[in-house]
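Both ligands and their constituent atoms are indexed starting at 1 by order of listing.
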Amino acid sequence: MAYDNILVETNGRVGVITLNRPKALNALNAALIGELGHALDAFEADAGIGAIVLTGSERAFAAGADIKEMQPLLFPATYTEDFITSWERLSRCRKPVIAAVAGYALGGGCEIAMMCDIILAADNARFGQPEIQLGIMPGAGGSQRLTRAIGKAKAMEMCLTGRTLTAEEADRYGLVSRVVPLAELRDEAMKVAGTIADLSLASVMMTKESVNRAFETTLAEGIRFERRLFQALFATADQKEGMSAFTEKRGPSFTNA
Ligand code: CO8
């Protein structure tokens, strides 16, 4: 499929999706979200892909949902056409997704970053939920994922006032895994994704599923869930290979079997 709003490439076992509407600071319109979903479907179906990097430009990861597209919308259509549901594709991705965020990650841009598994931030990154300034509110999970990530007090101030966080604040608050110099962001994201992509896909996917389960369940249920997945991994050839490689003092060669 030819894409108009994103760039899609592969680098070894890493799939890279670059949001690419530079004139609108990567504002997320319906066409872009549709293309993003299509690209994710393709990477998920490709056994040669073990991890995905989602990134934007140096100036903007994404400055939010497309305000010009949303401006004329009326409630009946937002409801009957289930506006926003297509955005959830990213959060349903089973392979790990690393968001490499430079510049603005605002509104829907911050929300799609938070749907990813790891956020690496460039030192110029800015995170915010400024929807309140438009007479609306976060609509793609922002009020929920931000609150879980940084706690009520900080999330409430951001959502109620639209205050944006610097990369350093986002790091300190636990929204991002770490901050790197802008010039190193892409290489660093590729390094993290490459490391994950070379591991056993089943153990990677189960680990992602198990960590995400922590947000949905009680501690006892979560621990039971983790234990079942842990035990299941002993049915894989990769477990034998990983442990044999350790005892034989060599690097593992996983086959996803
Ligand atoms: N939507 C549409 N166009 C945008 C958006 C956007 N979110 N952000 C920037 N643009 C456009 C501008 O209109 C401008 O276009 P033009 O040159 O044609 O006028 C171009 O991008 C460059 O922007 P600026 O000239 O404004 O650049 P500045 O450097 O002066 O400012 C800012 C950068 C601060 C990022 C500024 O553009 C801004 O405030 N943008 C809007 C940020 C915002 O409010 N985001 C939240 C949007 S609402 C949302 O995300 C709701 C999500 C809910 C779920 C999704 C449902 C679909």
Side-chain angles (χ1 to χ4, degrees), residues 3-7 17-40 54-93 97 99-116 119 121-150 154-170 175-176 182 185:
Y3 297 114
D4 296 324
N5 301 285
I6 60 173
L7 304 173
I17 301 173
T18 305
L19 306 176
N20 187 37
R21 287 188 74 204
K23 287 185 184 146
L25 299 182
N26 293 334
L28 305 161
N29 62 6
L32 185 153
I33 292 296
E35 291 180 9
L36 176 60
H38 188 279
L40 289 170
L54 178 63
T55 193
S57 68
E58 292 194 352
R59 195 171 163 215
F61 178 72
D66 191 313
I67 298 169
K68 294 164 190 167
E69 191 178 65
M70 285 187 293
Q71 194 273 338
L73 288 182
L74 293 170
F75 170 72
T78 65
Y79 182 77
T80 55
E81 291 163 23
D82 216 358
F83 179 53
I84 309 181
T85 292
S86 55
W87 286 54
E88 288 171 7
R89 174 65 186 86
L90 181 57
S91 63
R92 283 187 285 100
C93 191
V97 185
V101 176
Y104 297 111
L106 302 178
C110 188
E111 288 171 313
I112 63 167
M114 291 190 292
M115 289 179 199
C116 298
I119 305 179
D123 46 19
N124 75 336
R126 293 289 178 276
F127 297 86
Q129 298 291 159
E131 291 92 337
I132 199 83
Q133 294 163 352
L134 299 167
I136 56 168
M137 60 176 283
S143 65
Q144 304 304 300
R145 291 195 177 92
L146 188 65
T147 307
R148 282 165 169 77
I150 68 174
K154 290 178 167 56
M156 202 61 106
E157 187 189 1
M158 286 176 70
C159 292
L160 286 179
T161 69
R163 182 172 101 79
T164 57
L165 299 184
T166 62
E168 187 276 321
E169 284 175 306
L175 180 60
V176 306
L182 174 60
L185 178 68

Next item on the list: Could you pull out every protein residue that has a heavy atom closer than 4.0 Å to ligand 1, ordered by chain and then number?
Entry: K23, A24, L25, A27, R59, A63, G64, A65, D66, I67, K68, M70, F83, I84, W87, Y104, L106, G107, G108, E111, P130, E131, L134, G139, A140
Next item on the list: Could you tell me which residues satisfy side-chain hydrogen bond (donor to acceptor under 3.5 Å, both in side chains) with N20, sequence neighbours excluded, listed by chain and number?
Entry: none
Next item on the list: Report the distance from atom CD1 of I112 to atom CG of L54, rounding to the nearest 0.5 Å.
Entry: 5.0 Å
Margin query: I'd like to know whether CD of E58 has more than 12 heavy-atom contacts from other residues, nucleotides or ligands below 6.0 angstrom.
Written below: no
Next item on the list: Indicate yes or no for a side-chain donor-acceptor contact from N124 to the backbone of G103 under 3.5 Å, with no hydrogens or angles considered.
Entry: yes
Notebook entry, point to check: Do NZ/NE/NH1/NH2 and the carboxylate oxygens of E169 and R163 come within less than 4.0 Å?
Noted result: yes
Next item on the list: Return yes if a side-chain donor-acceptor contact under 3.5 Å exists between E69 and N29, otherwise no.
Entry: no
